[in-house]
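Single-structure report; data block below.
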Amino acid sequence: MIYTVTLNPALDKTATVPRFALDAVNRITDLREDPGGKGINVSKVIAKLGGRSRALALLGGSVGEKISSLLAAGGIDVWAFAASGETRTNLKVVDPELDTHTDINEPGPEATVAQLDAMLGELTGAVERGDIVVLSGSLPKGAPVGTYGAWARACSGAGAKVFLDADGAALSKGLEARPYLAKPNDAELSRICGRALADEGEIAAEARALVEGGVGRVVVSMGGAGALIADGEHVLLARSPKVPVGSTVGAGDSVVAALAYAEERGMGLEDTARLAMATGAANVMQSGTQAAERELVDSLLDKVSIEAL
């Protein structure tokens with residue numbers, strides 16, 4: 001089983017606003033709603049790939065209920081834990097004429113340590129050896145900065161393979177727990193090492209350093225340039241196919257979903273890289289945070305290029 005964890009979920013509203021302008025009245029021409037938050041996005045993509053996952057999330061109020069119902073309608077198993085307040089709503093403004101994407105994200109309700117500990121206890125009691133646990137996204141207010149590190153240690157101790165996708169101190173503390181896989185982007189990796197990484201060679205060196213430090217596999221996403229994947233034996237550079245952009249929101253989550261799906265099915269490193277890049281490209285083509293169909297992903301597989309470094 002793949003478990004995804006979303007401690008700060010959201011209802012994503014994607015509004016299309018031609019010629020979006022500050023200090024002016026803007027009119028929406030199209031509006032869609034999607035259940036969101038990084039872990040939830042991962043579960044949505046896994047479902048489209050043909051896999052199964054269980055989505056753990058702190059959900060509260062009418063927005064939380066709406067997210068649960070939307071996920072259930074999409075065939076996703078929701079494991080909801082009660083949040084202390086109303087789940088946040090995030091607004092994504094897409095301007096098709098100016099080709100801009102603007103995110104306006106609410107902070108979300110506060111979580112207590114007791115809530116998080118109870119949630120973790122339920123999760124570690126459920127996982128079995130070989131299961132995958134995806135820890136991703138921002139931490140809610142009230143969560144200690146070391147939350148992902150503690151969860152990674154506990155889930156690894158229960159026999160699970162932990163995938164970590166976070167930023168800032170939450171990522172740094174999580175890496176100390178030596179997860180099975182970490183997926184920083186190039187900017188996040190630069191912040192971890194405290195300097196700007198000028199090229200793919202420097203990115204590869206820092207990825208190798210994380211692997212030498214105990215992380216099983218490091219996947220560094222680089223936007224339209226693709227991703228670099230390093231483990232104890234190989235470093236691969238995977239180039240994404242060029243596609244029309246609908247929305248970049250959730251692109252990294254779709255890569256994580258493909259990585260988890262491939263791991264569950266025992267795919268080799270090169271096939272995993274190819275699937276991850278094709279899945280990311282297919283999801284960039286979508287509006288909002290809706291997940292791309294598997295047929296589109298498959299049509300892009302042969303357009304991914306793989307190079308060994």
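Atom CD of residue Glu110 and atom CG of residue Leu58 lie 12.0 Å apart, to the nearest 0.5 angstrom. Taken from CG in Leu259 to CD in Glu264, the straight-line distance is 13.0 Å, to the nearest 0.5 Å. Expressed to the nearest 0.5 Å, how far CG of Leu59 lies from OG1 of Thr87 amounts to 5.0 Å. Interatomic distance, Gln286 CD to Asp34 CG, rounded to the nearest 0.5 Å: 10.5 Å. The line from NZ of Lys183 to OG of Ser221 is 3.0 Å long, rounded to the nearest 0.5 Å.
Side-chain atoms of Leu181 and Asp165, non-hydrogen and from C-beta on, never get closer than 4.5 Å to each other. A 4.5 Å side-chain heavy-atom check between Glu33 and Lys13 finds at least one atom pair inside the cut-off. Side chains of Thr16 and Leu31 form no contact here, defined as non-hydrogen atoms less than 4.5 Å apart. Val42 places a side-chain heavy atom less than 4.5 Å from the side chain of Ile46. Using a 4.5 Å heavy-atom cutoff, the side chains of Leu309 and Leu228 are in contact. Contact check for Leu7 versus Thr147: side-chain heavy atoms found under the 4.5 Å cut-off. With a 4.5 Å cut-off on side-chain heavy atoms, Arg153 and Arg178 do not count as touching. For the pair Ile2/Asp131, no side-chain contact is recorded, criterion being any heavy-atom separation below 4.5 Å from C-beta on.
The residues Arg274 and Glu270 are annotated as salt-bridged, a charged nitrogen and a carboxylate oxygen being separated by less than 4.0 angstrom. Checked for salt-bridge contact, Asp30 and Arg32 miss the test: no charged N lies under 4.0 Å from a carboxylate O. The pair Glu206-Arg195 meets the salt-bridge criterion, since a charged nitrogen lies less than 4.0 angstrom from a carboxylate oxygen. Classification of Glu307 and Arg239 as a salt-bridged pair fails, no side-chain N sitting under 4.0 Å from a carboxylate O.
For the pair Trp151 and Val5, the tightest heavy-atom approach, listed with the atom from each and the gap, is CZ3-CG1, 3.7 Å. Nearest approach of Ser240 to Gly223, heavy atoms of both residues: OG-O, 4.4 Å. Listed here is the closest heavy atom pair of Leu300 and Ala278: CD1-O, 3.8 Å. Nearest heavy atom pair, residue Pro109 against residue Ala83, reads CG-CB, 4.2 Å. The two residues Asn26 and Phe20 make their nearest non-hydrogen contact at OD1-CA, 3.3 Å. The shortest non-hydrogen separation linking Gly280 to Ser254 is CA-OG, 3.3 Å.
Ring orientation note: the planes of Trp79 and Tyr3 are tilted relative to one another, at an angle of 30° to 60°.
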Check your understanding: Should Ile203 and Leu189 be marked as a side chain to side chain contact (heavy atoms under 4.5 Å, CB included) after you check the CA-CA gap, both sets of side-chain angles, and the distance that decides it?
Key -> CA-CA 8 Å; Ile203 292 173; Leu189 186 60; 4.0 Å; yes
Practice item. Would you sort out whether Leu175 and Val215 count as a side chain to side chain contact (heavy atoms under 4.5 Å, CB included), showing the intermediate values? Key: CA-CA 7 Å; Leu175 289 172; Val215 179; 4.0 Å; yes
**Study point:** Working for side chain to side chain contact (heavy atoms under 4.5 Å, CB included), residues Leu123 and Cys155
**Key:** CA-CA 8 Å; Leu123 175 58; Cys155 292; 3.7 Å; yes
Exercise for review: Apply side chain to side chain contact (heavy atoms under 4.5 Å, CB included) to Arg19 and Leu98, showing your working.
Suggested key: CA-CA 6 Å; Arg19 309 299 298 181; Leu98 299 179; 3.0 Å; yes
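Clustering ILVMFWY residues whenever any of their side-chain heavy atoms sit less than 4.5 angstrom apart, transitively, puts Phe81 in a cluster other than the one holding Val78.
With Asn41 as the partner, the side chain to side chain donor-acceptor pair (under 3.5 Å) test is satisfied by one option alone out of Thr4, Thr6, Asp12, Asp253: Asp253.
Panel note: side chain Arg88, backbone Pro9; a donor-acceptor pair is recorded below 3.5 Å. Ser172 places no side-chain N or O within 3.5 Å of a backbone atom of Ala169 that could act as its donor or acceptor partner. Side-chain atoms of Glu188 come within 3.5 Å of backbone atoms of Asn185 as a donor-acceptor pair (strictly under, hydrogens ignored).
Counted by atom type alone, Lys92 and Asn105 present one or more donor-acceptor pairs between their side chains at under 3.5 Å. Judged by distance alone, the side chains of Gln115 and Ser84 do bring a donor and an acceptor atom under 3.5 Å apart. Ser138 and Asn8 share a donor-acceptor pair across their side chains, judged by distance under 3.5 Å alone.
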